[in-house]
Amino acid sequence: MAGIVVVFDFDKTIIDLDSDNWVVDELGATDLFDTLLPIMPWNSLMDRMMTELHSQGKTIDHIAEVLKRVPVHVVPAIRAAHALGCDLRIVSDANTFFIDTILDHLGIRECFSEINTNPCLVDEEGRLRNFAIHNFYKSSDGCNLCPPNMCKGIIMERIQASLISEGKKKKFVYLGDGSGDYCPSLKLGEGDFVMPRKNLPLWDLIRQNPLVTKSEIQEWSDGEELARMLLNLINTISMAENAQFLSPQNMIVPVYEALPSSTSKPTVLVN
C-alpha cells in the first residue's frame with residue numbers, strides 16, 4: 001500500500017547470514033579476520049580484508065560469485081510487498097557492492113526506493129575498497145547505541161522527516177536483527193511495527209525494556225517466517241486503512257489483487 005514504508009536491515013534479515021563474514025569465510029581469510037577483529041574497527045577491518053584477498057589473487061568477480069551463493073528466502077515476499085505498492089527501503093551496515101551484487105542477482109534491486117549503506121569503490125588496481133558512511137575519525141554522530149560509522153536512528157529520522165515534509169502520512173515497518181537496529185526501532189511510534197529476529201541482539205534489547213518501544217512488536221525466526229508474517233502484516237494494515245473508505249462488502253476482496261506496483265528507480269545513499 002502507498003501508506004506503508006517497510007525498512008529492512010540487510011544481513012541476517014534480507015539474507016540469512018552476515019555478508020562480510022560469508023565472503024571472508026568462503027574465500028579463506030577467516031584466520032586473519034579473527035586475529036585483527038579485536039583491534040580494528042569493523043569497516044577498517046573489512047577494507048583490510050579486501051586488500052588481503054586482492055593480494056592472494058582474489059578478484060572482484062571471485063567476490064561477486066561468492067555473494068551470489070548467499071541463502072535467501074524472502075524474495076517472493078519482497079516482490080509481493082513491492083507489487084502491493086509498499087515503499088521498500090534498506091538501512092544496512094553492509095556496503096554498496098555486496099548489497100547491489102546480491103539484489104541484482106536476485107532481480108529485486110528495483111523493488112527498493114532507497115538504499116542506505118557504507119560506500120565501496122574498485123580502485124585502479126582492481127581492489128575493492130570499503131569506507132564508512134559516516135567518517136567517525138573526523139567527528140562523532142553522538143549516538144551511544146549505534147556503531148561509530150552508522151547511526152541507523154539518524155537515517156530513520158531523516159526518512160520520516162522527508163515524508164512528513166511531503167505531507168505523507170505513513171505507517172512504518174522495521175525489520176532487523178542486530179544491536180544497531182535498536183536505535184531506529186526507538187524512532188517508531190504508535191501504529192508502527194518493529195519485527196526483530198528472535199534470539200538475536202535486537203530482540204534481546206527490546207525484551208530487556210519493552211516499555212520504551214512504542215511500536216507493536218512482531219517476532220520472527222527465519223526467512224520463511226519473516227516472509228509470511230510480513231505479508232500478513234501488510235494485508236492487515238491495508239485492510240484497516242481500507243475500512244475507512246470501503247463498504248464491508250468491498251473489504252473482503254484481498255488487497256493484493258488490485259493494488260498498483262511502483263517502478264521508481266532506487267536511490268543509494270552513502271553520505
So does M195 get a backbone contact from the side chain of W220, meaning a donor-acceptor N/O pair under 3.5 Å? yes
From K58 atom NZ to M49 atom CE, the distance as rounded to the nearest 0.5 Å: 11.0 Å
Treating N232 as the side-chain partner and R228 as the backbone partner, does any N or O pair qualify as donor plus acceptor under 3.5 Å? yes
When you check the gap from the basic side-chain N to the acidic O, do K214 and E190 get nearer than 4.0 Å? no
Without swapping roles, check the side chain of K68 against the backbone of I102 for a donor-acceptor pair under 3.5 Å. no
Reference residue I90; test side-chain contact (heavy atoms from CB on, under 4.5 Å); the match among T13, L103, V6: L103
I'd like to know if the side chain of S44 and the backbone of M40 have a donor-acceptor N/O pair within less than 3.5 Å. no
Test item: D100 side-chain N/O and F97 main-chain N/O as donor-acceptor pair under 3.5 Å: no
S215 side chain to F193 backbone, donor-acceptor under 3.5 Å: no
Could you check whether D87 pairs with K170 (Lys NZ or Arg NE/NH1/NH2 to Asp/Glu carboxylate O, under 4.0 Å)? no
Would you find a donor on one side and an acceptor on the other, under 3.5 Å apart, between the side chain of E26 and the backbone of W22? no
Is there a donor-acceptor pair closer than 3.5 Å between any side-chain N or O of D25 and the backbone N or O of T30? no
Quick one: do D93 and K152 make a salt bridge, cutoff under 4.0 Å? no
If we ignore hydrogens and angles and just use 3.5 Å, is the side chain of Q160 paired with the main-chain N or O of K187 as donor and acceptor? yes
Is the closest side-chain heavy-atom distance between Y174 and D192 below 4.5 Å? no
Would you call D18 and K12 a salt bridge, using N to O less than 4.0 angstrom? no
Carboxylate-amine/guanidinium contact E52 R48, below 4.0 Å: yes
Does the ring center of F33 lie less than 6.0 Å from the ring center of W42? yes
Below 4.5 Å, heavy atoms only, C-beta onward: do R79 and I108 meet side chain to side chain? yes
